[in-house]
Undergrad: 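I'd like to ask some things about the structure below.
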Amino acid sequence: MNFSFLVRADSLKVISALSRISKEVEDSLQVLAGGTNFIYPSSDPGGQAVATQMQLDIRKASVAITNGTSGIRETSVAVDGISEILLILTRMKEIAATGANSLLRPEQRSALATEFGLLGSEADRIAASAEFNRFTVLSNSRELYVQVGLQGDPTQNTILVPRTLATLESVGLRTVAGGLTVSITGLTTDAAVQASYDAQQPIKDAMRSLEDRKNSLLGANSRLEMAVNQMTEARAIYQKTLDNIKSPDYAYELARNVRAQILSDITTAVLAQANLDRARVLQLLQPPTNFSDKR
């Protein structure tokens with residue numbers, strides 16, 4: 001005789017529940033192991049959209065910080081160069097003041113004139129050689145725009161760094177032909193004294209002009225430093241927000257995992273008991289092994 005058993009609806013529910021619980025255990029373990037809530041593309045679409053925007057903002061902020069840091073270094077090179085040129089002009093002014101002394105002997109005046117000319121050449125050499133990233137910063141009149149914001153609007157997120165000229169020609173101490181416009185020499189002692197006296201004011205004016213240009217660079221440098229600091233703080237906030245969105249609640253996940261494990265054990269035990277009961281029923285339906293046909 002053949003027997004058939006119908007699977008009860010309750011058994012199907014138990015099997016379905018076990019499948020869901022197993023999936024919950026697997027998901028919880030993946031979250032704990034991966035350290036992120038986004039284990040599937042469908043996990044929290046809204047949170048993933050915010051996380052994507054935060055990642056984009058972090059990258060933009062990093063680029064802005066890099067740009068601003070480069071601008072700070074460029075202005076620092078320019079400021080240092082102008083400072084050196086100002087020291088040279090200070091020495092040239094001292095020489096001119098010394099030359100305005102009629103007690104100097106010819107050889108002394110000649111030595112001063114030689115130093116005066118060499119200092120002028122050195123000032124121009126510094127102006128021509130001051131570079132950052134292969135761009136001259138004291139002999140080029142082009143302006144520099146530094147992107148330091150998250151958006152591309154130049155009026156809101158760009159800082160202008162003036163390409164400051166610091167050559168002697170730019171401050172009126174050298175002609176286009178290359179000669180100095182001031183001198184401390186003359187055909188006579190009186191002429192040399194007068195030339196030395198007359199050279200002092202143009203040098204002072206040139207120094208004042210360079211100080212103004214240096215201050216403009218320092219202002220741009222300060223703005224860049226503030227922008228970099230602001231972007232650094234913003235990036236830290238974006239990163240913290242991203243971490244909060246992506247990072248799981250470990251206490252919750254552990255509790256969820258333990259709960260799911262317990263439910264899984266209980267459900268498995270129920271199925272095992274059901275299987276055991278079925279085995280017992282089948283055993284009862286088997287004919288005894290010592291049965292004999294008595295007539």
Undergrad: Between Ala191 and Leu187, what is the shortest heavy-atom contact and its length?
TA: CB-N, 4.1 Å
Undergrad: Got a sec, which pairs hit side-chain hydrogen bond (donor to acceptor under 3.5 Å, both in side chains) with one end in residues 225-235, sequence neighbours left out?
TA: Ser62-Arg235
Undergrad: If I take atom NZ from residue Lys93 and atom OG1 from residue Thr98, how far apart are they, to the nearest 0.5 angstrom?
TA: 10.0 Å
Undergrad: Spell out, as yes or no, whether a donor-acceptor pair under 3.5 Å connects the side chain of Ser110 to the backbone of Pro106.
TA: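 No, because the side chain of Ser110 does not come within donor-acceptor range (under 3.5 Å) of the backbone of Pro106.
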Undergrad: Any non-hydrogen side-chain atom of Leu87 less than 4.5 Å from a side-chain atom of Glu84?
TA: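 Side-chain contact under 4.5 Å: yes.
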Undergrad: So do Leu86 and Glu211 actually touch side chain to side chain, heavy atoms under 4.5 Å?
TA: yes
Undergrad: Might you point out which heavy atoms bring Ile85 and Ala166 nearest each other, and give the distance in Å?
TA: CD1-O, 3.5 Å
Undergrad: Kindly work out whether a path of hydrophobic side-chain contacts (I/L/V/M/F/W/Y, heavy atoms less than 4.5 Å apart) joins Leu218 to Leu144.
TA: yes
Undergrad: Roughly how far, to the nearest 0.5 Å, is the CZ atom of Arg174 from the OG atom of Ser121?
TA: 5.5 Å
Undergrad: Is there a donor in the side chain of Gln194 and an acceptor in the side chain of Asp190, or the other way round, less than 3.5 Å apart?
TA: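 No, no side-chain donor-acceptor pair sits under 3.5 Å.
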Undergrad: Any side-chain heavy-atom pair from Val77 and Arg73 closer than 4.5 angstrom?
TA: no
Undergrad: Locate the shortest heavy-atom distance separating Gly71 from Leu224; write the atom from each residue and the value.
TA: C-CD1, 3.4 Å
Undergrad: Rounded at 0.5 Å granularity, tell me how far OG1 in Thr189 sits from CG in Leu103.
TA: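 The OG1 atom of Thr189 sits 10.0 Å away from the CG atom of Leu103.
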Undergrad: May I ask you to test the Thr164-Val137 pair for a side-chain heavy-atom distance under 4.5 Å?
TA: no
Undergrad: Would you indicate whether the side-chain heavy atoms of Arg109 and Val193 approach each other to under 4.5 Å?
TA: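 They are in contact (side-chain heavy atoms under 4.5 Å apart), so the answer is yes.
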Undergrad: Out of curiosity, Ile88 CD1 to Ile203 CD1, how far, rounded to the nearest 0.5 Å?
TA: 12.0 Å
Undergrad: Specify the closest pair of heavy atoms between Leu168 and Asp124, including all atoms of both residues, with the distance to one decimal.
TA: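 The answer is N-OD1, 2.9 Å.
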Undergrad: Out of curiosity, does Leu210 fall in the hydrophobic cluster containing Leu165 (side-chain heavy atoms, cut-off under 4.5 Å, transitive links)?
TA: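 Leu165 does not cluster with Leu210.
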Undergrad: As an exercise, state the distance from CD1 of Ile95 to CG of Leu119, rounded to the nearest 0.5 Å.
TA: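 If I round to the nearest 0.5 Å, the distance is 5.0 Å.
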Undergrad: Which value, rounded to the nearest 0.5 Å, describes the distance between Ile237 atom CD1 and Leu242 atom CG?
TA: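 If I round to the nearest 0.5 Å, the distance is 13.5 Å.
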Undergrad: Are the side chain of Thr181 and the backbone N or O of Gly172 linked by a donor-acceptor pair below 3.5 Å?
TA: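 Checked: pair present.
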Undergrad: How about Leu180 and Phe116: do any of their side-chain heavy atoms sit closer than 4.5 Å?
TA: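 Yes. Closest side-chain heavy atoms under 4.5 Å.
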Undergrad: Hey, are Tyr145 and Glu143 close enough side-chain-wise for a donor-acceptor pair under 3.5 Å?
TA: yes
Undergrad: Does a side-chain heavy-atom distance below 4.5 Å link Met207 with Thr90?
TA: yes
Undergrad: If you define the side chain from C-beta out and look only at heavy atoms, does anything of Val148 sit under 4.5 Å from Val228?
TA: no
Undergrad: Sequence neighbours left out, what passes side-chain hydrogen bond (donor to acceptor under 3.5 Å, both in side chains) with Arg208? Give chain and number order.
TA: Asp205
Undergrad: Got more than 12 heavy atoms from elsewhere within 6.0 Å of CZ, Phe132?
TA: yes
Undergrad: Under the side chain to side chain contact (heavy atoms under 4.5 Å, CB included) criterion, do Leu112 and Ile184 qualify, and how do the steps go?
TA: CA-CA 8 Å; Leu112 289 175; Ile184 61 169; 4.0 Å; yes
Undergrad: Specify the closest pair of heavy atoms between Leu217 and Ala78, including all atoms of both residues, with the distance to one decimal.
TA: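 Where Leu217 meets Ala78 most closely, the heavy atoms are CD1-CB, 3.5 Å.
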Undergrad: Could you tell me whether the side chains of Arg213 and Ser209 share a donor-acceptor contact shorter than 3.5 Å?
TA: yes
Undergrad: State, to 0.1 Å, how close Ala128 and Ser139 come at their nearest heavy-atom pair, and which atoms those are.
TA: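 In this case the closest contact between Ala128 and Ser139 is CA-OG, 3.9 Å.
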